[in-house]
Amino acid sequence: MSDTDRFQRVIRSIDEANSEDPNSEVADGGAQPKELLYGKRMQRWVEELDPRASEALRIAARSQHIRRWEIPRGDYPMDRKGYLRWRTTLYAFHADRASEILRAQEYDAETIEHVRTLLQKRNLRTDTDVQTLEDAAALVFLVHHLDDFLKRDDIGEDKAIDIIQKTWRKMTERGHGAASALKLSPESTALLKKALAG
């Protein structure tokens with residue numbers, strides 16, 4: 001089995017896991033499992049940002065939200081502490097699920113640990129792969145989720161601007177360049193400009 005075959009087997013296994021998501025999102029003319037769609041979008045953006053992305057980075061992108069629905073946000077207190085606990089738990093959960101798939105395909109310990117580092121967002125300011133993953137997540141949010149986010153009853157303009165500003169601060173200059181070239185809706189474009197002018 002070639003390395004390419006093994007990589008494709010891992011991607012298929014991640015997609016199979018995410019295909020079980022009971023939540024769906026409409027895209028390309030039909031409803032698709034939400035996290036399956038998210039993983040594909042993440043990998044596309046990572047490869048757009050870094051055409052020479054390593055296997056570990058591409059695997060981390062595809063598995064960024066693997067089986068996320070199994071740990072709902074509602075299981076944790078709806079405050080900042082609860083959110084941080086939920087997010088930390090998810091990071092470890094995603095790393096564990098991805099590691100199981102990689103071990104089943106006999107990946108080496110170093111690659112598995114790199115994927116774990118990426119999925120747990122360790123060394124964000126110093127690891128270029130973690131930064132690429134963070135840029136990709138921000139771009140997926142801006143392109144595919146910002147419009148729906150702005151329609152939520154619990155999100156006012158001030159809160160939306162605050163979230164966009166925090167997201168922008170996590171991104172690299174390369175991520176900023178990609179975001180600036182996006183064709184967003186008029187509403188999202190106006191809010192993004194307002195957020196970045198603040």
Give a yes or no on this: more than 12 heavy atoms of other residues, nucleotides or ligands lie within 6.0 Å of atom NZ of Lys34.
no
Give the C-alpha distance, both sets of side-chain angles, the deciding distance and a yes or no for salt bridge (Lys or Arg N to Asp or Glu O under 4.0 Å) between Glu134 and Arg125.
CA-CA 10 Å; Glu134 196 70 26; Arg125 294 300 172 194; over 6 Å; no
Step by step, would you call Asp135 with Thr132 a side chain to side chain donor-acceptor pair (under 3.5 Å)?
CA-CA 5 Å; Asp135 281 345; Thr132 299; 5.6 Å; no
Any side-chain heavy-atom pair from Ile59 and Ile101 closer than 4.5 angstrom?
no
Are Arg41 and Glu25 within salt-bridge range, i.e. N to O under 4.0 Å?
yes
Tell me whether Asp79 at atom CG has more than 12 heavy atoms from other residues, nucleotides or ligands lying less than 6.0 Å away.
yes
Using a 4.5 Å cut-off on heavy atoms from C-beta on, say whether the side chain of Gln64 contacts that of Leu133.
yes
Mind checking who shares a hydrophobic cluster with Leu37, ILVMFWY linked at side-chain heavy-atom distances under 4.5 Å?
none
NZ on Lys121 to CG on Asp127, rounded to 0.5 Å:
11.5 Å
Quick check for you: to the nearest 0.5 Å, what is the distance between Glu55 atom CD and Asp3 atom CG?
6.0 Å
With sequence neighbours excluded, tell me which residues meet ring pair (Phe, Tyr, Trp, His ring centres under 6.0 Å) with Tyr107.
none
How long is the gap from CZ on Arg174 to CG on Asp50, to the nearest 0.5 Å?
5.5 Å
Using a strict 4.0 Å threshold on nitrogen-to-oxygen distance, state whether Arg116 and Asp96 make a salt bridge.
yes
Please list, chain by chain and in numerical order, all residues satisfying ring pair (Phe, Tyr, Trp, His ring centres under 6.0 Å) with Trp168, sequence neighbours excluded.
His176
Keeping the roles fixed (side chain from Arg68, backbone from Pro72), state whether a donor-acceptor pair exists under 3.5 Å.
no
Is Val10 reachable from Val115 through a run of hydrophobic residues whose side-chain heavy atoms are each under 4.5 Å from the next?
yes
Across all chains, not counting sequence neighbours, the ring pair (Phe, Tyr, Trp, His ring centres under 6.0 Å) partners of Tyr91 are none
Under 3.5 Å, is there a donor on one side chain and an acceptor on the other for Ser63 and Arg97?
no
Check whether Asn123 reaches the backbone of Thr126 with its side chain - one donor and one acceptor, N or O, closer than 3.5 Å.
no
Can you check side chain to side chain contact (heavy atoms under 4.5 Å, CB included) on Leu36 and Lys40, steps first, answer last?
CA-CA 6 Å; Leu36 174 66; Lys40 290 177 179 179; 3.9 Å; yes
Answer with yes or no whether the hydrophobic clustering places Ile155 together with Leu142; edges join I, L, V, M, F, W, Y residues whose side-chain heavy atoms lie under 4.5 Å apart.
yes
State, to 0.1 Å, how close Ala160 and Leu191 come at their nearest heavy-atom pair, and which atoms those are.
CB-CD2, 3.6 Å
Do any N or O atoms from the side chain of His114 and from the backbone of Ala56 form a donor-acceptor pair under 3.5 angstrom?
no
Salt-bridged, Glu157 to Lys194, with N to O below 4.0 Å?
yes
In the structure I gave you, are the side-chain heavy atoms of Lys81 and Tyr76 within less than 4.5 Å of one another anywhere?
no
Close side-chain approach of Thr117 and Glu113, heavy atoms under 4.5 Å
yes
Within 45 degrees of the ring normal and closer than 6.0 Å to the centroid, is that where the cationic atom of Arg62 sits relative to Trp45?
no
Let's go through Arg67 and Asp21 carefully: what are the C-alpha distance in whole Å and the side-chain angles of both, what is the deciding distance for salt bridge (Lys or Arg N to Asp or Glu O under 4.0 Å) to 0.1 Å, and is it a yes or a no?
CA-CA 7 Å; Arg67 303 193 70 85; Asp21 189 354; over 6 Å; no
Distance col, row Ile112:CD1 vs Gln105:CD, nearest 0.5 angstrom, shows 11.0 Å
Could you tell me whether the side chain of Asn18 reaches within less than 4.5 Å of the side chain of Pro33, counting heavy atoms only?
no
Using atom types as modelled and distance alone, determine if a side-chain donor or acceptor of Arg85 lies under 3.5 Å from a backbone N or O of Arg80.
no
Look only at the side chain of Ser188 and the backbone of Leu184, and say whether a donor-acceptor pair between them is shorter than 3.5 Å.
no
Determine whether Ile164 and Tyr83 fall in the same hydrophobic cluster, where Ile, Leu, Val, Met, Phe, Trp and Tyr are linked whenever their side-chain heavy atoms lie under 4.5 Å apart.
no
How many angstroms lie between CZ in Arg87 and CZ in Arg73, if you round to the nearest 0.5 Å?
11.0 Å
Residues that Phe93 engages under ring pair (Phe, Tyr, Trp, His ring centres under 6.0 Å), provided they are two or more places apart
none
Could you measure the distance from the CG atom of Leu192 to the OG1 atom of Thr167? Nearest 0.5 Å is fine.
10.0 Å
Salt bridge (Lys or Arg N to Asp or Glu O under 4.0 Å) assessment of Arg9 paired with Glu16
CA-CA 10 Å; Arg9 284 173 187 252; Glu16 285 168 7; over 6 Å; no
Among Lys159, Lys166, Gln165, the one residue meeting side chain to side chain donor-acceptor pair (under 3.5 Å) with Asp162
Lys166
The test is side chain to side chain contact (heavy atoms under 4.5 Å, CB included); show your working for Gln43 and Ile11 and say whether it passes.
CA-CA 10 Å; Gln43 187 179 344; Ile11 296 301; 3.8 Å; yes
Looking at His94 and Leu90, would you say the former's side chain and the latter's main chain have a donor-acceptor pair under 3.5 Å?
yes
Does any pair with a residue in residues 9-38 pass ring pair (Phe, Tyr, Trp, His ring centres under 6.0 Å), and if so which ones, sequence neighbours excluded?
Tyr38-His65
Closest non-hydrogen atom pair between Gln32 and Ala27, with its separation:
NE2-O, 3.2 Å
Minimal non-hydrogen separation, Gly175 against Leu139, with atom names:
O-CD2, 4.2 Å
Would you call the rings of Phe141 and His145 parallel, tilted or perpendicular, taking 30° and 60° as the class edges?
parallel
Checking the side chain of Trp86 only, and the main-chain atoms of Ile71 only, is there a donor and an acceptor separated by less than 3.5 Å?
yes
Do Met171 and Leu118 belong to the same hydrophobic cluster, where Ile, Leu, Val, Met, Phe, Trp and Tyr are linked whenever their side-chain heavy atoms lie under 4.5 Å apart, directly or via other members?
yes
Between Leu49 and Ala178, what is the shortest heavy-atom contact and its length?
CD2-CB, 4.1 Å
Determine, using the 4.5 Å side-chain heavy-atom cutoff (strictly less than), whether Leu182 and Leu150 are members of one ILVMFWY cluster.
yes
